[in-house]
Amino acid sequence: MVCYNCGRRLSEHDFCTACRADVAVYKKIMSLSNRFYNDGLEKAGVRDLTGAIASLKQSLKFNKNNIEARNLLGLVYYEMGEVVSALSEWVISKNLMSDKNIADGYIRMIQSNQSRLDSINQTIKKYNQALAYCCQGSLDIAVIQLKKVLSLNPRFVRAHQLLALLYIDRKEWEKARRELNKCMKIDANNTATIRYMKEVEKMLTVEEGARVQPRKRETSGDAVTYQSGNEMIIQPIGVKEPKGVPALLNMGIGIVVGLAAAWFLILPARIQSAQAAIDMELRTVSEQSDAKSATITGLEQQIRDLADENAGLQESLDGYVGKDGALQAMDKLLSAANAYLAEEGDVIAVSEFLDEVNVEEMGEAASQAFTALYETLTELVGPELARTYYDQGYAAYRQEKYDEAVSGLEKAYHYDVTNGDALFYLANSYRETNNIEKAREAYVKVIEQFPGTLKASKSQTYLAEINNGN
């Protein structure tokens, strides 16, 4: 036993020799916890599991860190078929002491077997469904459901007790006694089991007394009358045994009756045997289905893992080849540079490739070298391209070919953002082609970038007309 304050081992004194803390009450509490643990261990050894649970819970009330008591409580729960309660105790024990704890092996024993986990889940669901059937009054269905529960978990004491209670309700005392005997083999001192067994034994004693009730013979005249149970039997006196044909007839009738009785006695046994075989087959199919479900779950997890891996590979591939058209944009920019060098400054040939490059749309995909080359080419060919495209666009504008004017003026303003005329005529072309939103944006840019000019004044007028719906 160690000190609660400093962790040093305690001596026989009522105080800690290391930190001088008063440990008299602490020693008594720890001693009581250990005493209840020992009591629970002894009761578990003689299969008094209910008493063991009570003692172990009392031990944990005095010392919640009593790892041995908590692990033993989990084992007792597991023996009674309460797997969820057992896992709860072992998980708490594992959290209290993570190293060198036997509870870790218990948890791994259950969780390592996926079919066992599925069987535990099915047991809990089916038992709860049986309880629901009982509340609804569907007692026959509840009996069937409980039999399925016990086929999955034969040591589930509560399921045995509920099934016995349903048999008692149906006055099937022998079946109830069989279920209660199974309970007592698992937990010898369960209060509910003992109470149910007492009622069953009392009713069975009453029935057996009725079957062995003494016979009362009464002789009157030509017949002897006596009572056998609830039946009155009258036997004639002095009747001679028939001979000849009547005797053979009676013998034949006796044989037929005997065969019929044998048939009706043997048939139920055969039916029960066939039912047992069917139940065994159903159990096998159910286990195979659970195994297949576990396999399907594993395959689905593999599919999800492969999908995640594919997404990661795709992301890596995007990093190598570029996103948002980065690879295509690089190819166009190199083609533009090559055209500029090969065509001896033919800006139109350069523009065919350079117009398809949009650095802003590329965002982070555009490297510094890419941006620098683009800006260098734009500086070299931009002014001349701006003039060329402005002349083409303005000529089309004068000829009222506004679609062509939009194409030329957009490029002219793209290569020379100081060209206010290009922007102003572009806005007018947008307005003439009923592209009102772009026209509004272009007029606003004219007003903001070229304030105090005639085109800014006209832009304000046109913008007011657009806003007024004219």
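Residues H160 and R155 fail the side-chain proximity criterion, which asks for heavy atoms closer than 4.5 Å.
Remark: K43 NZ is packed, more than 12 non-hydrogen atoms of other residues, nucleotides or ligands lying under 6.0 Å away. For M280, the CE atom is loosely surrounded, since the number of other residues' heavy atoms within 6.0 Å does not exceed 12. Counting non-hydrogen atoms of other residues, nucleotides and ligands closer than 6.0 Å to CD1 of I102 gives a total of 12 or fewer.
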Check the pair T50 / N189 against side chain to side chain donor-acceptor pair (under 3.5 Å), numbers first and verdict last. CA-CA 6 Å; T50 301; N189 199 25; over 6 Å; no

Given salt bridge (Lys or Arg N to Asp or Glu O under 4.0 Å), test D104 with R108 step by step and report yes or no. CA-CA 6 Å; D104 190 22; R108 189 164 52 250; 3.3 Å; yes

Might you work through the salt bridge (Lys or Arg N to Asp or Glu O under 4.0 Å) test for E441 and K438, ending with a clear yes or no? CA-CA 5 Å; E441 293 176 3; K438 287 191 174 182; over 6 Å; no

With a 3.5 Å cut-off and sequence neighbours excluded, list the donor-acceptor pairs that the side chains of residues 66-77 form with protein atoms.
{"from": "N66", "atom 1": "OD1", "to": "A69", "atom 2": "N", "distance (Å)": "3.3"}
{"from": "N66", "atom 1": "ND2", "to": "S33", "atom 2": "OG", "distance (Å)": "3.0"}
{"from": "N66", "atom 1": "ND2", "to": "S59", "atom 2": "OG", "distance (Å)": "3.4"}
{"from": "R70", "atom 1": "NH1", "to": "E89", "atom 2": "OE1", "distance (Å)": "3.0"}
{"from": "R70", "atom 1": "NH2", "to": "K64", "atom 2": "O", "distance (Å)": "2.9"}
{"from": "N71", "atom 1": "OD1", "to": "S93", "atom 2": "OG", "distance (Å)": "2.8"}
{"from": "N71", "atom 1": "ND2", "to": "I67", "atom 2": "O", "distance (Å)": "3.4"}
{"from": "N71", "atom 1": "ND2", "to": "N101", "atom 2": "OD1", "distance (Å)": "3.2"}
{"from": "Y77", "atom 1": "OH", "to": "K57", "atom 2": "NZ", "distance (Å)": "3.4"}

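In this model, a donor atom of one side chain and an acceptor atom of the other lie less than 3.5 Å apart for Q301 and R304. In the model, Y430 has a side-chain atom that pairs as donor or acceptor with a side-chain atom of E410 under 3.5 Å. If you check the side chains of Y443 and R431, you find a donor sitting under 3.5 Å from an acceptor.
Using cut-offs of 30° and 60° on the angle between ring planes, the pair Y127 and F156 is tilted.
Residue I296 holds its CD1 atom at 7.0 Å from CD of E300, rounded to the nearest 0.5 Å.
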